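Beneath this line is the structure, given in structure tokens, with notes to follow.
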Amino acid sequence: MRLTKGTDIALRIAMRLAVAGDEEAPTTREVAGAVGVPYTHAAKVVSRLQHLGVVEARRGRGGGLTLTAAGRAASIGRLVRELEGAGDVVGCEDDPPCPLRAACRLRGALREAQEAFFAALDPITVEELTAPPTGPLLLSLGTGPGD
């Protein structure tokens with residue numbers, strides 16, 4: 001299984017915000033630069049993370065991004081499920097649909113494997129992902145423009 005680019009970016013942004021100090025509230029552009037993604041992609045992902053209650057964004061002077069308490073404690077499995085959506089691993093219903101879909105056992109097996117993947121991520125929180133050596137590395141990343 002491979003995560004979408006959006007999910008990858010979202011997890012990196014959440015991790016970067018998890019190590020930000022209380023006085024630091026980086027902008028979307030700064031976070032995009034720090035995690036090495038284009039600003040436009042980061043902006044879309046930040047909006048999605050806000051909707052999920054993981055990130056708080058404040059505009060204007062003194063504004064910026066902060067990880068919410070719920071975001072710090074968020075299960076990586078739950079976040080990945082939310083960000084990836086409920087789609088199948090394979091395109092059984094694509095156009096044209098797979099001719100085996102009515103009697104295929106592969107779809108169910110892949111769905112079970114996908115859930116096992118998510119379940120393995122369930123006990124891990126965003127905050128846990130930033131333990132050393134990751135946290136110090138995240139802090140050392142520059143905050144140049146992301147695009």
Side-chain angles (χ1 to χ4, degrees), residues 1-95 98 104-147:
M1 177 164 174
R2 184 172 173 93
L3 299 178
T4 62
K5 187 92 167 156
T7 298
D8 174 37
I9 293 169
L11 294 174
R12 286 194 265 164
I13 288 174
M15 290 168 60
R16 176 57 183 91
L17 293 176
V19 297
D22 291 338
E23 66 286 341
E24 180 190 10
T27 65
T28 301
R29 190 169 301 280
E30 290 169 340
V31 171
V35 299
V37 300
Y39 168 77
T40 54
H41 292 14
K44 289 177 189 174
V45 167
V46 165
S47 176
R48 180 82 168 114
L49 290 172
Q50 279 183 271
H51 178 74
L52 294 173
V54 173
V55 169
E56 181 181 312
R58 290 182 311 278
R59 292 181 175 228
R61 188 178 175 114
L65 304 175
T66 55
L67 193 65
T68 65
R72 285 187 189 287
S75 157
I76 298 301
R78 182 188 71 81
L79 281 178
V80 172
R81 277 184 193 88
E82 292 282 338
L83 294 164
E84 289 291 311
D88 286 325
V89 175
V90 292
C92 302
E93 301 297 331
D94 288 354
D95 189 23
C98 176
C104 183
R105 297 175 62 186
L106 178 60
R107 186 180 197 176
L110 290 173
R111 197 173 283 137
E112 282 182 41
Q114 182 181 30
E115 183 49 39
F117 174 78
F118 293 143
L121 298 173
D122 281 340
I124 305 165
T125 66
V126 170
E127 194 160 47
E128 289 171 341
L129 288 179
T130 61
T134 307
L137 177 61
L138 284 163
L139 286 171
S140 73
L141 297 175
T143 56
D147 196 327

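Only a predicted model underlies this, so the values are computations on that prediction, with no experimental measurement involved.
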For the residue pair [X] and [Y], what are the closest heavy atoms and their distance?
| X | Y | answer |
| --- | --- | --- |
| L67 | A14 | CD2-O, 3.7 Å |
| A20 | P26 | CB-CD, 4.4 Å |
| G53 | A70 | O-CB, 4.0 Å |
| G77 | D122 | CA-OD1, 3.3 Å |
| R78 | A74 | NH2-CB, 3.9 Å |

With a 4.5 Å limit on heavy-atom distance, are the side chains of [X] and [Y] in contact?
| X | Y | result |
| --- | --- | --- |
| Q114 | R81 | no |
| R16 | I13 | no |
| I76 | V126 | yes |

Hey, what do you get for [atom1] ([X]) to [atom2] ([Y]), rounding to the nearest 0.5 Å?
| X | Y | atom1 | atom2 | result |
| --- | --- | --- | --- | --- |
| L129 | R72 | CG | CZ | 12.5 Å |
| C92 | L110 | SG | CG | 7.5 Å |
| T130 | L138 | OG1 | CG | 7.5 Å |
| T28 | H41 | OG1 | NE2 | 14.5 Å |

Which residue pairs pass the salt bridge (charged side-chain N to carboxylate O under 4.0 Å, His left out) test when at least one of the two sits in residues 130-140, sequence neighbours left out? none
Please name all residues satisfying side-chain contact (heavy atoms from CB on, under 4.5 Å) with [X], sequence neighbours left out, ordered by chain then number.
| X | result |
| --- | --- |
| A120 | none |
| T125 | E127, E128 |
| T7 | L3, T4, L11, V80, L83, E84 |
| R58 | A25, E56, T66 |

Determine all donor-acceptor pairs shorter than 3.5 Å in which one atom belongs to a side chain in residues 43-51; sequence neighbours excluded.
unit_1	atom_1	unit_2	atom_2	d
R48	NH2	E82	O	2.7

Do T68 side-chain atoms and V54 backbone N/O form a donor-acceptor pair below 3.5 Å? yes
For R107, what residues pass the side-chain hydrogen bond (donor to acceptor under 3.5 Å, both in side chains) criterion, not counting sequence neighbours? D88, E93
